[in-house]
Number of protein chains: 2
Amino acid sequence: MDHWFVTMDGSLKARWEKAFPNAQPSTPNVIEKNARSGDLVWVATTVVSWQQLTQRLALMGVTVVILSYAPNDKEALKALDLGGRGYVHTLATADVLKQVALVVTNQGVWVGQELLAKVIGGTFKALSRRTEEVSTAGSDYLDLLTERERGVALAVARGATNKEVARQLEITERTVKAHLSAIFKKLAVRDRLQLMLKLSSTRELASY
Amino acid sequence: MDHWFVTMDGSLKARWEKAFPNAQPSTPNVIEKNARSGDLVWVATTVVSWQQLTQRLALMGVTVVILSYAPNDKEALKALDLGGRGYVHTLATADVLKQVALVVTNQGVWVGQELLAKVIGGTFKALSRRTEEVSTAGSDYLDLLTERERGVALAVARGATNKEVARQLEITERTVKAHLSAIFKKLAVRDRLQLMLKLSSTRELASY
DNA sequence: AAAAATATTGTACTGATGGACAGAAATAGG
DNA sequence: CCTATTTCTGTCCATCAGTACAATATTTTT
């Protein structure tokens, strides 16, 4: 996994070097050829076409974090909507940058807490009204499964591959398959697709 | 700063011990007397009164993370609304738990990425409608597809295999694959599982 | 104590899946 | 008339998913 910092002139700020000694500077023109899926690319909003660049890189499977000199909620939402996984002030300290990297490379999303509070506060009421009557509906197929099987079933229901489930639960892929076979038999479904449908019919799914 | 795990019986799962050797198990009755401002308390939703407990602990200045066996958006928002700083799957690995701790003890908020995407996606659309800068107006991903692609997408979302879709639409399996490839690219998903999730999440988002 | 359930991992196989190259015909808009 | 879009199809190949045989260790139940 490589680190790239994309600016207009390919300069590498001292702060970034301190946080990631192995990071490489790059420019908008060449980053799309050099970056590969799984890499972490930091894109400055001083790059003229940072939005298109973010979108394309995200589609490539690249983890993108946007660096802005003047962070604001609207730009942050735009960045995340385009597939960016983080939005940080360009002048963030090395410590913060390292933490951001840790979070986004582990399937997390980094976003300023003021924005998050604002968004969650506003959304909660509308969303809870909508789901109130549905959420506590009875028959739960998950009760038929063992604790470990539940973990596997929930991960699969979120769209994870066997390999991903194995990594998440810290077991081998073979064990995941074993659990899945048991799950399929217990819930009488033929594959993971039907499992998703069966589970999503009774509950809303989210992940960690 | 102390770590506490609150369950009904005060048990301490092996996974938690691995993540935090110094963590202490506790029960709802005594945690309010023992925890102090700045402490990190993990509360399982199996605790009957986890909501009141979360609220009271948060008001005390305690950092609270909620652990749920069956995470869902509504519960997550409720947890955060009550002052919780994180919402994680009970079966999260030690690595994930450690990362959550790192984030929440550093003024961060931990929330599932699907929920975040939903909330951000919803807010972004509302926001851009208001400012009228970004058009797209495509609330439904199906609008991005051609008629034939829509048929394939819907069949797949119902859990059909390629062979079944082919029979239903009276085309060859190869053609189904071609449509699917186009669908994956247009909707920026990696496989049929993610397609199912994407389509089912739009329906839920219809209200905002 | 014995039996059952649970959790884990192994190899080998078949069928399904998705991408990499494609090409060909029909239709609609300029 | 030309071009772009849509629809349909082909082969090859690497990877994934699920099963068929397993076996072993731990925990729980009887």
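First the proteins, then the strands, lettered A, B, ... as listed; each starts at 1. Worth saying up front: this structure is predicted, and the values here are computed from it rather than measured.
Looking at A/E164 and B/R190, a side-chain N of the basic residue comes within less than 4.0 Å of a carboxylate O on the acidic one, giving a salt bridge.
Note that the two end axes of the helix from C/dA1-D/dT30 to C/dG30-D/dC1 enclose an angle of 50°, each drawn from 5 base pairs, rounded to 10 degrees.
Not a single donor-acceptor pair under 3.5 Å links the side chain of A/N162 to the backbone N or O of A/V165.
Between A/I66 and the choices A/L53, A/V47, A/T54, A/V88, the side chain to side chain contact (heavy atoms under 4.5 Å, CB included) rule is met once, by A/T54.
For the atom pair CG (A/N34) and CH2 (A/W4), the distance works out to 4.5 Å, reported to the nearest 0.5 Å. Atom CD of A/E32 sits about 10.5 Å away from atom OG1 of A/T27, to the nearest 0.5 Å. Put simply, CD1 on A/I183 and CG on A/L144 are 11.5 Å apart, with the number rounded to the nearest 0.5 Å. The CD atom of A/E75 lies 3.5 Å from the OH atom of A/Y87; values are rounded to the nearest 0.5 Å. Atom-to-atom distance recorded for B/T63:OG1 and B/L40:CG is 6.0 Å, nearest 0.5 angstrom.
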Give me the distances for all protein-to-nucleotides 28-30 of chain C N/O pairs that come in under 3.5 Å?
none

Please tabulate, one pair per line, each protein N/O and nucleotide N/O from nucleotides 27-29 of chain D that are separated by under 3.5 Å, including the distance.
none

Quiz: residues 148-160 of chain B side-chain donor-acceptor pairs under 3.5 angstrom, not counting sequence neighbours:
from	atom 1	to	atom 2	distance (Å)
B/R148	NH2	B/L169	O	3.1
B/E149	OE1	B/T146	N	3.0
B/E149	OE1	B/T146	OG1	3.3
B/E149	OE1	B/K186	NZ	2.9
B/R150	NH1	B/L142	O	3.0
B/R150	NH1	B/L145	O	3.1

Checklist entry - In B/S/- notation, 5' to 3', how is nucleotides 7-19 of chain C contacted by protein heavy atoms closer than 4.0 Å? => result SBBBB----SBBS
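Atom pair A/K185:NZ and C/dT6:P shows a separation of 13 Å (rounding to whole Å applied). The CZ atom of B/R150 sits 14 Å away from the C1' atom of D/dT7 (whole-angstrom rounding). Note: CD1 (A/I183) to P (D/dA17) measures 14 Å, nearest angstrom.
Remark: A/F184 engages no residue in a ring-ring contact (aromatic ring centres under 6.0 Å, His included) (not counting sequence neighbours).
Note on ring orientation: taking the six-membered ring where Trp is involved, the planes of B/F20 and B/W42 are tilted (angle from 30° to 60°).
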Next on the checklist: Assess the residue pair A/V6 and A/W50 against the criterion (side-chain contact (heavy atoms from CB on, under 4.5 Å)); give the C-alpha distance rounded to whole Å, side-chain angles, the decisive distance to 0.1 Å, and a yes or no.
Outcome noted: CA-CA 9 Å; A/V6 179; A/W50 69 269; over 6 Å; no
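A/M196 and B/L193 get closest at one heavy-atom pair: SD-CD2, 3.2 Å.
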